[in-house]
Amino acid sequence: MNAPNPALDRASFEQALRDKGRYYHIHHPYHKAMYAGECTREQIQGWVANRYYYQVNIPRKDAAIMANCPDAAVRRLWLQRVLDHDGDGTEPGGIEAWLSLAEAVGLSRDEVIDQRHVLPGVRFAVDAYYNFARRASWQEAACSSLTELFAPEIHQSRLDSWPQHYPWIEESGYSYFRKRLGEARRDVEHGLTITLDHFTTPEQQQRALDILQFKLDILWTILDALTMAYMHRTPPYHTVTDQQVWHRGLGQ
C-alpha cells in the first residue's frame with residue numbers, strides 16, 4: 001500500500017497558493033484588452049457598471065465571515081475590511097470611490113447604484129461567492145479572499161496604462177485603485193496567516209487550493225459574461241427579443 005502524501009510545509013503550501021496566480025483574471029482577454037488600450041468606451045463603462053455589483057457585496061461577504069467567527073481578535077482585524085469599503089462615517093470608503101470611477105468614465109451614479117446594467121451572469125457569479133462565504137466555515141471563507149495575493153498587480157496595471165490609453169477618463173476616477181494597493185497587501189497578510197495556520201493536513205490544504213480556485217473561477221466568469229455582452233455583442237436574450245431587458249443604454 002502506498003503511503004499517503006504528507007502535508008506541505010508552510011513555505012511550500014504558501015507557494016502552492018501563490019502558484020494559483022496563473023489563473024487570476026489579469027490574464028483574461030477582457031483585462032488584457034483594457035490595459036492594452038483596446039477597449040471601447042462602452043466596454044470600459046460596462047466593466048465598471050458590472051463590477052460595482054461585486055464591490056457592494058464585498059462588505060456583505062466580510063460581515064458574513066465575522067458573523068461565523070467566534071474569535072473576537074480575528075473579528076476586530078477583519079472589521080477593517082468592511083470599513084475600507086463602506087467608510088467609517090468620517091471618510092468615504094471603496095464603494096464611494098468606485099462611484100467616482102463610474103462618474104469618471106461617463107456613467108451616472110443613479111444608473112450604477114440601481115444596477116440596471118448588471119448582467120445575469122455577473123449577478124449569478126457574485127451571489128455564488130457571497131453565499132459561499134455566508135455558509136462556509138469562517139476559515140474557509142477567509143481563504144476565499146486570497147485572490148488578494150494577486151490584486152496589487154492588477155490595480156497597478158490600471159494605474160500604469162489607463163491614463164495613457166483612455167485620456168477621456170477623469171483623473172479623479174483612479175482613487176479606488178490607489179487606495180486598494182496598500183489595503184490589499186495588508187489584508188492578504190491576515191488572510192494568508194489564517195489559511196496557513198488552519199489548513200495543515202493534506203486534505204485541508206487541497207481544500208484550501210480548491211477554494212482559491214473557486215474564487216478565481218468567480219472572477220473569470222464575470223469577465224466571460226462581459227465578453228459575451230460587450231465584445232461579442234451577444235447580450236442575454238439577444239436571440240429572443242429586440243429589447244435588451246438587462247440594459248437601458250450605458251451612460252444615458
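As the structure is a computational prediction, the values presented were derived from the model and not from experiment.
For the residue pair Arg51/Gln55, the side-chain donor-acceptor check at 3.5 Å is satisfied. In this model, no donor atom of one side chain and acceptor atom of the other lie less than 3.5 Å apart for Thr227 and Asp224.
Annotation: Trp220 is in aromatic contact with His28 [ring centroid separation under 6.0 Å]. In this structure, the ring of Phe214 has its center less than 6.0 angstrom from the ring center of Phe132. A distance below 6.0 Å separates the ring centres of Trp98 and Tyr176.
No donor-acceptor pair closer than 3.5 Å links the side chain of Tyr129 to the backbone N or O of Asn57. Using modelled atom types, no side-chain atom of Glu111 and backbone atom of His117 make a donor-acceptor pair closer than 3.5 Å. The backbone N or O of Thr201 lies less than 3.5 Å from a partner atom in the side chain of Gln204, making a donor-acceptor pair. Under the 3.5 Å distance criterion, the side-chain polar atoms of Arg60 are left unmatched by any main-chain donor or acceptor of Tyr130. Of the possible polar contacts, none joining the Thr234 side chain to the Ala229 backbone as a donor-acceptor pair under 3.5 Å is found. Of the possible polar contacts, one joining the His238 side chain to the Pro235 backbone as a donor-acceptor pair under 3.5 Å is found. Distance alone, capped at 3.5 Å, is enough to place a donor-acceptor pair between the Arg75 side chain and the Cys69 backbone. Side-chain atoms of Tyr166 come within 3.5 Å of backbone N or O of Met34 as a donor-acceptor pair. Judged by distance alone, the side chain of Gln205 and the main-chain N or O of Leu8 form a donor-acceptor pair under 3.5 Å.
Phe124 places none of its side-chain heavy atoms less than 4.5 Å from the side chain of Thr221. Between Asp187 and Ser145 the shortest side-chain heavy-atom distance does not fall below 4.5 Å. For the pair Ile44/Trp162, a side-chain contact is recorded, criterion being any heavy-atom separation below 4.5 Å from C-beta on. No side-chain heavy atom of Val105 sits less than 4.5 Å from a side-chain heavy atom of Arg41. In this structure the side chain of Arg180 reaches within 4.5 angstrom of the side chain of His85, judged on heavy atoms. The shortest side-chain heavy-atom distance between Asp19 and Arg22 falls under the 4.5 Å cut-off. Within the 4.5 Å cutoff, no side-chain heavy atoms of Ser100 are placed close to those of Ser172. Taking the side chain as every heavy atom from C-beta outward, His25 and Ile154 approach each other to under 4.5 Å.
Taken to the nearest 0.5 Å, the CD1 atom of Ile222 stands 8.5 Å off from the CG atom of Asn50. Here Cys143 contributes atom SG and Leu192 contributes atom CG; the two are 9.5 Å apart, rounded to the nearest 0.5 Å. To the nearest 0.5 angstrom, Leu77 atom CG is 11.0 Å from Glu189 atom CD. Atom OG1 in Thr200 sits 8.0 Å away from atom NE2 in His198 (nearest 0.5 Å). Taking CG of Leu17 as the start and OG1 of Thr147 as the end, the distance is 11.5 Å to the nearest 0.5 Å. Taken from NE2 in His232 to CG in Leu226, the straight-line distance is 11.5 Å, to the nearest 0.5 Å.
What you find for Thr195 and Ala208 is that their closest heavy atoms are CG2-CB, 4.2 Å. Heavy-atom minimum distance, Tyr30 versus Gln43: OH-O, 2.7 Å. The two atoms that bring Ala63 and Val82 nearest to each other are N-CG2, 4.2 Å, heavy atoms only. Of all the heavy atoms in Ile65 and Ala133, the pair that sits closest is CG1-CB, 4.5 Å. Between Ile26 and His31, the shortest heavy-atom contact is O-CB, 3.9 Å. Contact record, Met231 with Cys39: CE-SG, 4.1 Å, taken as the closest heavy-atom pair.
The aromatic rings of Phe150 and Tyr24 sit tilted relative to each other, their planes meeting at an angle between 30° and 60°.
Not counting sequence neighbours, Glu91 has no partner by the salt bridge (Lys or Arg N to Asp or Glu O under 4.0 Å) test.
Between Tyr52 and the choices Leu107, Val122, Leu101, Ile95, the side chain to side chain contact (heavy atoms under 4.5 Å, CB included) rule is met once, by Ile95.
For the pair Arg123 and Tyr53, the cation-pi criterion (under 6.0 Å, within 45° of the ring axis) is fulfilled.
Taken together through direct or relayed side-chain contacts under 4.5 Å among Ile, Leu, Val, Met, Phe, Trp and Tyr, Leu79 and Ile194 form part of one hydrophobic cluster. Met228 and Tyr237 end up in different hydrophobic clusters when Ile, Leu, Val, Met, Phe, Trp and Tyr side chains are linked at under 4.5 Å. Connection of Leu119 to Val56 is established within a shared hydrophobic cluster, with ILVMFWY side chains joined at heavy-atom distances below 4.5 Å, either directly or through further cluster members. Under the 4.5 Å side-chain contact rule for hydrophobic residues, Leu212 and Tyr54 share a cluster. Trp78 and Leu146 fall into different hydrophobic clusters, where Ile, Leu, Val, Met, Phe, Trp and Tyr are joined by side-chain heavy atoms under 4.5 Å apart, directly or via other members.
Between Asp84 and Arg186, at least one side-chain nitrogen of the basic residue sits less than 4.0 Å from a carboxylate oxygen of the acidic one, meeting the salt-bridge criterion. Salt-bridge formation is detected for the pair Arg18/Glu14: a Lys NZ or Arg NE/NH1/NH2 atom is positioned less than 4.0 Å from an Asp or Glu carboxylate oxygen. Residues Glu148 and Arg81 are paired through a salt bridge, judged by an N-O separation under 4.0 Å between the basic side chain and the carboxylate. A salt bridge does not link Lys20 to Asp210: none of the charged side-chain nitrogens sits closer than 4.0 Å to a carboxylate oxygen.
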*Could you give me the CA-CA distance, side-chain angles and deciding distance for Glu140 and Arg135, then say whether salt bridge (Lys or Arg N to Asp or Glu O under 4.0 Å) is met?*
CA-CA 10 Å; Glu140 289 192 343; Arg135 295 167 180 163; over 6 Å; no

*Do Arg10 and Asp197 pass the salt bridge (Lys or Arg N to Asp or Glu O under 4.0 Å) test, and can you show the C-alpha distance, the side-chain angles, and the key distance before you say yes or no?*
CA-CA 9 Å; Arg10 195 175 181 91; Asp197 286 348; 2.9 Å; yes

*Would you check, one step at a time, whether the test side chain to side chain donor-acceptor pair (under 3.5 Å) holds for Lys215 with Ser144?*
CA-CA 6 Å; Lys215 175 62 181 306; Ser144 72; 5.8 Å; no

*Please walk me through it: do Thr90 and Asp88 pass side chain to side chain donor-acceptor pair (under 3.5 Å)?*
CA-CA 6 Å; Thr90 60; Asp88 61 7; 2.8 Å; yes

*Lys179 and Glu183: salt bridge (Lys or Arg N to Asp or Glu O under 4.0 Å), yes or no, with the steps?*
CA-CA 7 Å; Lys179 185 172 182 286; Glu183 292 173 353; 2.6 Å; yes

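A 6.0 Å sphere centred on CD of Glu153 holds no more than 12 heavy atoms belonging to other residues, nucleotides or ligands.
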